[in-house]
Amino acid sequence: MKLFILLVFLHHVAMATAVVGCLSDQDKDHRPRENCTAAGYSDIPPGLDLATKVLLFPSNQFSRLSWSSFQIFLEIYEVDLTSNQVPEVAPSGGPLLPSLSVLRLGSNLLTALPDGSFSACPALTELYLDRNAIHALSDHAFSGLSRLEILDLSSNHIKVLPQLMLHPLPAIATLFLENNMIQEMPDDWFSQKEEVPYLYLSANPWSCSCSLLYLRRYLDDYELNIYLRDGPIIRSDVESVECSSPPDHKGTPVISLENVDLCPPTDTTHQRRDSNQPTGTTTSTIRPSSQQSAILTTPMPTIATTTTTMTTTAMPKALPATTTMITAMPTKPRPKCGNP
């Protein structure tokens with residue numbers, strides 16, 4: 001009996017160490033897993049159990065992402081290539097990995113995501129692209145990912161949010177965009193999925209101008225959905241979305257500003273203001289015409305009558321003053337940039 005137990009144990013150890021540097025075990029949901037963390041691999045090593053559903057290769061030396069190399073794992077569920085040297089994600093010709101649900105590509109060398117970047121894995125529910133150098137996204141970078149619930153784009157170099165980027169993502173529930181270089185949010189950016197329950201927008205250089213009116217209204221409507229990550233602590237904090245410019249608003253929470261603060265009205269009257277007059281009054285000098293000047297210097301009218309001619313000089317109903325103070329009437333509210 002003891003010999004049998006020893007043989008079983010040795011078999012288990014042999015299976016667990018079948019591939020050098022990799023450990024065979026199970027994840028929390030009892031899926032077969034191969035953990036090859038920091039094992040020095042640049043490609044999938046031979047000898048891994050083909051029934052494996054979770055492949056962990058963080059801190060290795062992968063310099064490319066080959067979708068086809070994972071096809072031998074027919075029920076692959078998760079692939080972790082965090083902290084490797086992958087420079088790009090190439091679209092595939094079809095769904096090569098239809099069962100893949102979780103893909104981790106954080107801390108690689110990605111700089112851009114072209115249209116259909118993840119067409120090889122249409123069943124993705126979680127996609128982690130944090131801590132890369134992504135500066136360019138396309139409207140259709142995430143096309144085909146109708147099941148995606150978590151998208152992490154934090155700590156990249158993203159400057160512009162494509163207008164249609166979220167349109168292919170009707171199931172998105174958690175979106176990480178903090179610590180990028182985003183200044184503006186396109187109008188109606190959340191139109192396809194109005195409410196994103198967990199949204200991270202802090203540490204971006206938001207430009208608090210007319211172009212941010214949409215974001216200001218969105219924060220007001222969904223302020224309880226705005227979160228901040230502070231190390232291991234995650235908390236709801238709508239005030240974490242702060243202005244970076246203009247200087248007058250730097251460090252001010254966007255939600256604390258009124259529409260007129262973001263988009264102040266401009267002076268369209270083009271009237272010259274008298275420096276001695278209080279705001280809201282205008283001084284205007286009305287110069288009389290030559291005819292009026294003549295009238296002003298004409299003595300009281302006389303009526304001369306002869307047998308043949310009668311000449312009459314009529315007194316005007318009201319003599320104009322040479323200078324008149326005009327107080328400007330209140331004007332209609334000037335149009336603002338964006339809807340109220």
Side-chain angles (χ1 to χ4, degrees), residues 25-29 31 33 35 37-38 54 56-59 77-84 101-108 110 113 124-135 137 142 145 147-159 161 165-166 169 171-185 189-190 193-208 212 214-245 249-257:
D25 59 4
Q26 295 182 339
D27 70 1
K28 61 182 179 61
D29 296 315
R31 298 184 186 93
R33 177 172 64 183
N35 189 342
T37 299
V54 177
L56 306 182
F57 286 96
S59 302
Y77 173 84
E78 177 178 350
V79 172
D80 187 348
L81 291 175
T82 302
S83 298
N84 277 268
S101 182
V102 181
L103 179 60
R104 302 181 188 274
L105 290 172
S107 297
N108 274 275
L110 302 177
L113 295 176
L124 280 180
T125 60
E126 301 179 27
L127 177 58
Y128 299 90
L129 301 167
D130 52 302
R131 294 166 292 155
N132 277 276
I134 299 171
H135 60 83
L137 297 168
F142 306 106
L145 302 184
R147 302 181 190 178
L148 192 67
E149 298 175 5
I150 299 174
L151 175 59
D152 192 345
L153 288 166
S154 63
S155 300
N156 278 281
H157 301 158
I158 300 168
K159 295 182 179 180
L161 295 173
M165 192 189 88
L166 292 185
L169 308 177
I172 194 70
T174 302
L175 179 60
F176 298 96
L177 289 172
E178 76 265 42
N179 199 26
N180 274 282
M181 302 175 68
I182 306 168
Q183 298 185 39
E184 302 176 0
M185 178 171 287
W189 200 59
F190 292 101
K193 177 69 185 296
E194 190 68 22
E195 181 175 5
V196 177
Y198 301 94
L199 185 59
Y200 299 79
L201 299 171
S202 64
N204 279 290
W206 296 107
S207 176
C208 289
L212 220 62
Y214 171 74
L215 176 60
R216 169 63 182 82
R217 292 194 299 271
Y218 187 89
L219 295 178
D220 202 33
D221 291 340
Y222 299 103
E223 62 177 287
L224 296 180
N225 295 353
I226 311 302
Y227 284 83
L228 173 68
R229 289 191 288 190
D230 185 6
I233 300 174
I234 297 177
R235 68 176 186 272
S236 176
D237 187 357
V238 69
E239 294 190 350
S240 65
V241 186
E242 298 180 348
C243 302
S244 180
S245 62
H249 295 326
K250 186 176 179 63
T252 303
V254 175
I255 196 170
S256 69
L257 298 175

> Could you report the tightest heavy-atom contact between V54 and R31, atom names first, then the distance?
CG2-CB, 4.1 Å
> More than 12 non-hydrogen atoms from neighbouring residues, nucleotides or ligands closer than 6.0 Å to NZ on K193, yes or no?
yes
> Does N108 use its side chain to pair, donor to acceptor, with the backbone of G106 at less than 3.5 Å?
yes
> Mind listing the closest non-hydrogen atom pair of Q183 and P205 along with its distance?
CG-O, 3.3 Å
> D221: which residues meet the salt bridge (Lys or Arg N to Asp or Glu O under 4.0 Å) condition with it, sequence neighbours left out?
none
> With a 4.5 Å cut-off on side-chain heavy atoms, are I234 and Y198 touching?
no
> Do the non-hydrogen side-chain atoms of R131 and S154 ever get within less than 4.5 Å of each other?
no
> Nearest 0.5 angstrom please: D152 CG to D130 CG, how far?
4.0 Å
> Restricting to salt bridge (Lys or Arg N to Asp or Glu O under 4.0 Å), what partner residues turn up for R33, sequence neighbours left out?
D25
> Would S155 and N179 count as having a side-chain donor-acceptor pair, cut-off 3.5 Å?
yes
> Are the side chains of C208 and T252 in contact, using a 4.5 Å heavy-atom criterion?
no
> Going by atom types alone, do T82 and S107 pair a side-chain donor with an acceptor below 3.5 Å?
no
> Out of curiosity, L145 CG to L151 CG, how far, rounded to the nearest 0.5 Å?
8.5 Å
> Could you tell me which residues satisfy side chain to side chain contact (heavy atoms under 4.5 Å, CB included) with E126, sequence neighbours excluded, listed by chain and number?
V102, R104, Y128, I150
> How far apart are the C-alpha atoms of D237 and D230, what are their side-chain angles, what is the distance that settles it, and do they pass the side-chain contact (heavy atoms from CB on, under 4.5 Å) test?
CA-CA 11 Å; D237 187 357; D230 185 6; over 6 Å; no
> Report yes if some heavy atom in the side chain of S83 is under 4.5 Å from a heavy atom in the side chain of S59; otherwise report no.
yes
> Residues in ring-ring contact (aromatic ring centres under 6.0 Å, His included) with F176, at least two apart?
Y200
> Name all residues meeting the salt bridge (Lys or Arg N to Asp or Glu O under 4.0 Å) criterion together with R147; count only those two or more places apart in sequence or in a different chain, and write none if there are none.
none
> Any donor-acceptor pair under 3.5 Å linking the side chain of N132 with the backbone of L105?
yes
> Apply side chain to side chain contact (heavy atoms under 4.5 Å, CB included) to S245 and list each qualifying residue two or more places apart in sequence or on a separate chain.
S207
> Does N156 reach the main-chain N or O of L110 with its side chain, forming a donor-acceptor pair under 3.5 Å?
no
> Under the side chain to side chain contact (heavy atoms under 4.5 Å, CB included) rule, collect the residues that match up with N204, sequence neighbours excluded.
N180, I182, W206
> In Å, rounded to the nearest 0.5 Å, how long is the span from NE2 of H249 to CD of E242?
13.5 Å
> E178: what forms a salt bridge (Lys or Arg N to Asp or Glu O under 4.0 Å) with it, not counting sequence neighbours?
R229
> Would one find more than 12 heavy atoms of other residues, nucleotides or ligands at under 6.0 Å from atom CD of E78?
yes
> For atom OH of Y222, decide whether the heavy atoms of other residues, nucleotides or ligands shown that lie under 6.0 angstrom number more than 12.
yes
> Locate the shortest heavy-atom distance separating I172 from V196; write the atom from each residue and the value.
CG2-CG2, 4.2 Å
> Of all residues at least two apart in sequence or in a different chain, which pass the side-chain hydrogen bond (donor to acceptor under 3.5 Å, both in side chains) check with R216?
none
> Just so I know, are the side chains of L113 and M165 near enough to count as touching, which here means a heavy-atom distance under 4.5 Å?
no
> Assess whether side-chain contact (heavy atoms from CB on, under 4.5 Å) is satisfied between L175 and L166, documenting all intermediate values.
CA-CA 10 Å; L175 179 60; L166 292 185; 4.2 Å; yes
> May I ask you to test the L137-L153 pair for a side-chain heavy-atom distance under 4.5 Å?
yes
> Determine the minimum heavy-atom distance between L224 and S236, stating which atoms define it.
O-OG, 3.6 Å
> Return the set of residues passing side chain to side chain contact (heavy atoms under 4.5 Å, CB included) with A133 (not counting sequence neighbours), or none when no residue passes.
T111, H157
> Give a yes or no answer on whether the side chain of T125 reaches the backbone of S101 with a donor-acceptor pair at less than 3.5 Å.
yes
> To the closest 0.5 Å, what do you measure between CG (N35) and CZ (F57)?
9.5 Å
> Partners of S240 by side-chain hydrogen bond (donor to acceptor under 3.5 Å, both in side chains), sequence neighbours excluded?
none
> Would you say the side chain of L257 lies within less than 4.5 Å of the side chain of L212, judging by non-hydrogen atoms?
no
> Can you confirm whether L177 sits close enough to L161 that some side-chain heavy atom of one is under 4.5 Å from a side-chain heavy atom of the other?
yes
> Quick check on side chain to side chain contact (heavy atoms under 4.5 Å, CB included): which of L228, V241, I226 does S202 satisfy it with?
L228
> I'd like to check the ring-ring contact (aromatic ring centres under 6.0 Å, His included) partners of F190; sequence neighbours left out, ordered by chain and number.
Y218
